[in-house]
Amino acid sequence: IAQDKKWRIGFSQATTIEPWRAQFNKDIIAEAAKHPEVELIITDGEDKTEKQVADVENLIRQEVNALLISPKESAGLTGVVQQAIDAKIPVFVLDRNVETDQYTQFVGGDNKLIGRAAGEYAVELLGGKGKAHGNVVEIWGGMGTQPAHDRHDGFHEFTDKEPGIKNLLDQQSGDWKQDQAYNIMATALRNNEKIDLVYGHNDPMAYGAYLAAKDAGREKDIKFIGIDALPGEGVTWVNNGELTATFLYATPGAEGLRQAIKFLNGEKVEKTVTLDTMKVTKENAGQIMKEKGL
Ligand code: FRU
């Protein structure tokens, strides 16, 4: 470790093949560049639980001063997070939770709230409270993740109150991937003459469903809602009229690292830091893109 590096911080990322995680890594690297006293070690779990477990074990062996982790799934990463905690390493859990609350801090978006906002908007798109009517396809993110469950639960708090809304699928997971969502939607289109709205637990899946509908010549009959709102992805797709809406799920890269540094410097940190969200529709998508230089 170089002389000027006071803190060695490890960040275990679940995967980098998903665009949102590539942005997440960019955000944490940009924040680290502002802190010359920090050496940041990033590992890539390659979307495999075993790989991510090995990564964390490695970071523990390297005696990092703090561990940041964005787990692929909750159950499979809980043990190794506990190992880090037992080794007295402060742990910052980012975006997807684990099954212990013994960590130092959780930083991420409020997925229940985002699910509720999506559900409320879906009801509005389908005719409004008490009158909403239509067939809904919901495409789940990874079943073993907290965000998928929270995004589901929040959405259904609104849509389940509407007797006119029918759910066409039962817990179909696209594992956050565009191509898997495409296949789920292609099957749903074959099996159902009428689909009115698709709720994808992230933008790549909402967009994959859109592409399947387009290939079937039915995209104009369907509204598509996603989550993430990356400027070059979801926001652009909304601006193009491909998705109807997306909800911002900010990456916790910069904030997570700032919080860890604050803690290492002896300051108190909150147990939970919740990142803001916002609804993105055709009304504000263009403006957001302009602000991001697109
Ligand atoms: C990326 C991602 C995002 C999603 C988040 C949920 O891996 O699937 O699209 O919002 O993870 O944890």
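Whatever order the structure lists ligands and atoms in, that order sets their numbers, starting from 1. Heavy atoms only: backbone and side chains are in, while hydrogens, waters and symmetry mates are out.
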Distance-only criterion, 3.5 Å: show the donor-acceptor pairs between side-chain atoms of residues 228-236 and protein atoms not counting sequence neighbours.
residue	atom	partner	partner atom	Å
Thr236	OG1	Pro231	O	2.6

Can a salt bridge be assigned to the pair Lys177 and Glu18 using a cut-off of 4.0 Å between side-chain N and carboxylate O?
-> yes
Salt bridge check: are Lys48 and Asp55 linked by an N-O gap of less than 4.0 Å?
-> no
Counting only pairs under 3.5 Å, give me each side-chain donor-acceptor contact of residues 126-139, with atom names and distances, residues two or more places apart or in other chains.
residue	atom	partner	partner atom	Å
Asn135	ND2	Lys194	O	2.9
Glu138	OE1	His152	ND1	3.1
Glu138	OE1	His156	NE2	2.8
Glu138	OE2	His152	ND1	3.0
Glu138	OE2	His201	NE2	2.8

If a pair satisfies ring-ring contact (aromatic ring centres under 6.0 Å, His included) and one of its residues is in residues 15-58, list it, with sequence neighbours excluded.
-> Phe11-Phe24, Trp20-Phe24, Trp20-Tyr249
The answer, listing residues by chain and number that come under 4.0 Å of ligand 1 through any heavy atom, is Glu18, Trp20, Arg21, Asp95, Arg96, Pro147, Arg151, Trp176, Asn202, Asp228, Tyr249
Side chain to side chain, Tyr199 and Phe155, heavy atoms closer than 4.5 Å | yes
